[in-house]
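Notes to accompany the following structure.
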Amino acid sequence: MLTKELEKILINKALEARDNSYSPYSKFPVGAALLTKNDEIFIGTNVENSSIGLTICAERSAICAAVSNGDREFRTLVVAGPLDEPVSPCGACRQFMCEFGDFEVIIYSENEIIRTTTKKLLPLDFKLEL
Ligand code: THU
């Protein structure tokens, strides 16, 4: 569990990232902030493309930023959509999160904050057993 202070910091980081969203097609900005187990914070936003299917969501952007920095152990991901109600992570992002284990996910909105985990969001995640 996060302290309220740290949760507030992460929410603000997710909102800052949301301000940088590149979403000219959907006009649906999303921001994410990811706290790692060694107390680093990585942010991500959704980045769209003329070739619509190439869009990357905020959650996956934040995870890619952390992994690119050598961090793969996560504590909490905060996601903030543009609505007054929570914007729940898409299926692709749920699978992407579960790759890195069971960690806390906070879905922030003005009216409601949902506190859940990756495993609750995607109980039967795909695992490649080689
Ligand atoms: N989006 C996210 O960034 N995260 C989600 O979990 C849901 C959807 C973005 C993708 C696209 O740029 C826009 O929201 C509308 O689908």
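Quantities reported herein were computed from a predicted structural model and do not represent experimental measurements. For the single chain, residues carry numbers from 1 onward in sequence order. In what follows, every heavy atom counts, from backbone to side chain, and hydrogens, waters and symmetry copies are set aside. Read the numbers this way: they start at 1 and go in the same order the structure lists the ligands and their atoms.
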N or O contact, A58 vs ligand 1, cut-off under 3.5 Å: yes

Side chains of N46 and S21, donor plus acceptor under 3.5 Å: yes

Element-labelled atoms of ligand 1 that are located less than 4.0 Å from some non-hydrogen atom of P89: 6 (O)

Contacting atoms of ligand 1, where contact means under 4.0 angstrom from a heavy atom of E48: 11 (C), 12 (O), 13 (C)

Close N or O approach (C90, ligand 1; < 3.5 Å): yes

Other residues, nucleotides, ligands: >12 heavy atoms within 6.0 Å of E73 CD: no

Top protein contact for atom 14 (O) of ligand 1, by heavy-atom distance: F28 CD2, 3.4 Å

Heavy atom of protein closer than 4.0 angstrom to atom 12 (O) of ligand 1: yes

I52, CD1 atom: more than 12 neighbouring heavy atoms under 6.0 Å: yes

E7 bridged to R115 by N-O distance under 4.0 Å: yes

Numbered atoms and elements of ligand 1 in range of C57, under 4.0 angstrom, heavy atoms: 1 (N), 2 (C), 3 (O), 4 (N), 5 (C), 8 (C), 10 (C)

Those atoms of ligand 1 less than 4.0 Å from some heavy atom in E59: 2 (C), 3 (O), 4 (N), 5 (C), 6 (O)

Residue pair N49 / S51, side-chain donor-acceptor N/O under 3.5 Å: no

Atoms in ligand 1 with a heavy atom of N46 nearer than 4.0 Å: 3 (O), 9 (C), 11 (C), 12 (O), 13 (C), 14 (O)

Ion pair R75/D39, N-O distance below 4.0 Å: yes

Salt bridge D125-K119, side-chain N to carboxylate O under 4.0 Å: yes

Per-atom contacts of ligand 1 with T55, taking only distances under 4.0 Å to non-hydrogen atoms: 10 (C), 11 (C), 12 (O)

